[in-house]
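Here's the structure, in structure tokens; my notes come after.
Because the structure is a prediction, the values reported are computed rather than measured.
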Number of protein chains: 2
Amino acid sequence: MQQNIFRKFLEDRGWRLTKQRNAILQKAFSCKGHFDPESLYMEMRKKGMKASRASVYRTLNLLCECGLVGKVSKTEHGTIYEHTLGSHHDHMVCTDCGEIIEFYSESLEKLQEEICREMDFEGKSHILEIRGHCRHCRMKKNVLGGESSNG
Amino acid sequence: MQQNIFRKFLEDRGWRLTKQRNAILQKAFSCKGHFDPESLYMEMRKKGMKASRASVYRTLNLLCECGLVGKVSKTEHGTIYEHTLGSHHDHMVCTDCGEIIEFYSESLEKLQEEICREMDFEGKSHILEIRGHCRHCRMKKNVLGGESSNG
DNA sequence: GTTGCATTGAAATTGAGTCTCAATCTATTT
DNA sequence: AAATAGATTGAGACTCAATTTCAATGCAAC
């Protein structure tokens, strides 16, 4: 369980799992998929869980270090995080509605390993973001635009 | 040539290819590989090409829109750009020395297209960043650390 | 030359993220 | 229980990339 992992990570450094750190951890893991520090901070305030903005950022960095959460991507409006207890996956981002779709492809992973070998690069991790349009937005566009391409 | 592409892009909108915009375009394309707005701005100042910071950022956004340059990644120290007249490629980033190595794999492109088809996602572009250690840094580490693993 | 925009640059502003530092907490020792 | 030591916190200051503002300027068309 993530709490124990985090506690161990902290104790190894002579640090403690404080109320605030635990609250932030819980909140981060209560999010369905992805989250950003600012929203997390705001939601915690709303729900009366007290932790300062500084603590949120500090703790998220710690959680990154111990691998419990990861940075998905940096947008205009800050860093997007996700919790990474599940298996590794990549992302498709709909540039219309912002939806983030997770996917995983064994072949893709294997292929990247192979490429790294070929290039004599020691790959440790990767971020793949495919940008485009999700089915939902494509359909919406067809309805609104009414473009019936003859081709 | 990039100047004509940019001019056309601007004229389509009733805008002009001004001295500043052209200077920024030239400077961006004179960079070998990757560049960031701040360095570009500073180098332009040094060489006496006058354009304000605002114009640099504004023009880079325009160049992005018309596809002549692209954002490679967002780092702690700002956005990294590249000019994209060459063919598409992906990046390996050495987390030790920061070197960015470009690579291209037809199979990788094909595989991604296939995955998009499977997921019913209309992929328009992608950003793949493999993070790890370049050969150079790996060798340096071996020399310094002297870790002769017996395994 | 005047009208109408586009453009520019200096400076102000925004906003994410980090840092500072005095106050507080917690475990341990005496 | 008091003292000690170090970790932790939060408010707010700060940094820095990037954007916005706005008055001044440029440029084309009439």
Side-chain angles (χ1 to χ4, degrees), chain A residues 3 6-28 34-66 69-81, chain B residues 6-28 34-66 69-81 98:
Chain A
Q3 214 187 65
F6 193 31
R7 177 176 281 119
K8 178 145 190 0
F9 169 85
L10 291 167
E11 282 175 358
D12 283 353
R13 286 163 177 68
W15 300 340
R16 293 187 303 268
L17 179 56
T18 60
K19 243 189 344 222
Q20 286 90 337
R21 282 177 179 159
N22 192 40
I24 293 161
L25 173 68
Q26 296 312 323
K27 191 81 196 122
H34 304 89
F35 61 93
D36 63 283
E38 202 58 22
S39 319
L40 192 135
Y41 168 64
M42 285 317 214
E43 275 194 45
M44 288 185 69
R45 302 213 97 195
K46 256 191 277 175
K47 304 218 169 153
M49 302 153 92
K50 281 225 315 200
S52 67
R53 186 177 271 106
S55 289
V56 169
Y57 280 98
R58 278 191 287 236
T59 302
L60 284 180
N61 280 340
L62 290 176
L63 289 171
C64 266
E65 273 182 56
C66 80
V69 311
K71 296 181 182 180
V72 173
S73 78
K74 297 206 175 199
T75 72
E76 286 67 41
H77 303 298
T79 303
I80 308 290
Y81 288 84
Chain B
F6 194 31
R7 176 175 281 122
K8 176 144 192 359
F9 171 85
L10 291 168
E11 282 175 357
D12 283 352
R13 286 165 178 66
W15 299 340
R16 293 188 302 269
L17 179 55
T18 60
K19 245 195 338 233
Q20 287 90 337
R21 282 178 179 158
N22 192 41
I24 293 161
L25 174 69
Q26 296 312 323
K27 191 79 196 124
H34 304 88
F35 61 93
D36 64 282
E38 202 58 24
S39 318
L40 192 135
Y41 168 64
M42 285 316 215
E43 275 194 46
M44 287 185 69
R45 300 213 99 194
K46 256 191 277 175
K47 304 219 170 152
M49 302 154 91
K50 282 223 317 198
S52 68
R53 186 176 272 108
S55 288
V56 168
Y57 280 98
R58 278 192 285 236
T59 302
L60 284 179
N61 280 340
L62 290 177
L63 288 171
C64 267
E65 272 182 57
C66 80
V69 312
K71 297 181 182 181
V72 174
S73 79
K74 296 209 173 199
T75 72
E76 286 66 42
H77 304 297
T79 303
I80 307 291
Y81 287 85

For the pair made of CD in Glu11(A) and P in dG6(D), what is the distance, rounded to whole Å? 19 Å
Is it the case that Gln26(A) and Asn22(A) place a side-chain donor and acceptor less than 3.5 Å from each other? yes
Could you give the NZ-to-P distance, from Lys50(B) to dG9(C), as a whole number of Å? 8 Å
Shortest side-chain distance from Ala54(A), nucleotide among dA18(D), dT7(C), dG10(D): dG10(D)
Rounded to whole Å, NE2 of His77(B) lies from P of dA18(D) at a distance of 12 Å
Is any side-chain nitrogen or oxygen of Thr18(A) closer than 4.0 Å to OP1 or OP2 of dT26(C)? no
Could you tell me whether Asn61(B) contacts a base, only the sugar-phosphate backbone, or nothing, with contacts defined as non-hydrogen atoms closer than 4.0 Å? sugar-phosphate
Hey, which of these two, Ala51(A) or Gly14(A), hits DNA chain D nearer its 5' end, going by closest nucleotide? Gly14(A)
Output yes when at least one side-chain N/O atom of Tyr57(B) is less than 4.0 Å from OP1 or OP2 of dA18(D), else no. yes
Rounded to whole Å, please give me the gap between CG in Leu10(A) and C1' in dT9(D). 15 Å
Nucleotide dG26(D), atom C1' - distance to CG of Asn22(B) in whole Å: 16 Å
Calculate the interatomic distance between Glu76(B) atom CD and dG15(C) atom P; express it in whole Å. 21 Å
To the nearest 0.5 Å, tell me how far Arg7(A) CZ sits from Arg16(A) CZ. 12.5 Å
Interatomic distance, Glu65(A) CD vs dT18(C) P [rounded to whole Å]: 11 Å
Let me know, please, whether Arg45(B) or Arg16(B) comes out on the 5' side of the other along DNA chain C by nearest nucleotide. Arg16(B)
Return no unless some side-chain N or O of Arg21(A) is found under 4.0 Å from OP1 or OP2 of dT8(D). yes
From Thr18(A) atom OG1 to Ile24(A) atom CD1, the distance as rounded to the nearest 0.5 Å: 7.5 Å
From Ser52(B) OG over to Arg58(B) CZ, what is the distance, rounded to the nearest 0.5 angstrom? 5.5 Å
Does the side chain to side chain contact (heavy atoms under 4.5 Å, CB included) test come out yes or no for Glu38(A) and Arg53(A), once each step is laid out? CA-CA 8 Å; Glu38(A) 202 58 22; Arg53(A) 186 177 271 106; 2.6 Å; yes
Taking only N and O in the side chain of Arg53(A), is any of them less than 4.0 Å away from OP1 or OP2 of dG17(C)? no
Using a cut-off of 4.0 Å on non-hydrogen atoms, how would the nucleic acid contact of Arg58(B) be classed: base, sugar-phosphate, or nothing? base
Between dG9(C) and Gln20(B), is there an OP1 or OP2 to side-chain N/O distance shorter than 4.0 Å? yes
Ser52(B) side chain N/O closer than 4.0 Å to the phosphate oxygens (OP1, OP2) of dA10(C)? no
Tell me: CD of Glu38(B) to C1' of dT15(D), nearest whole Å? 13 Å
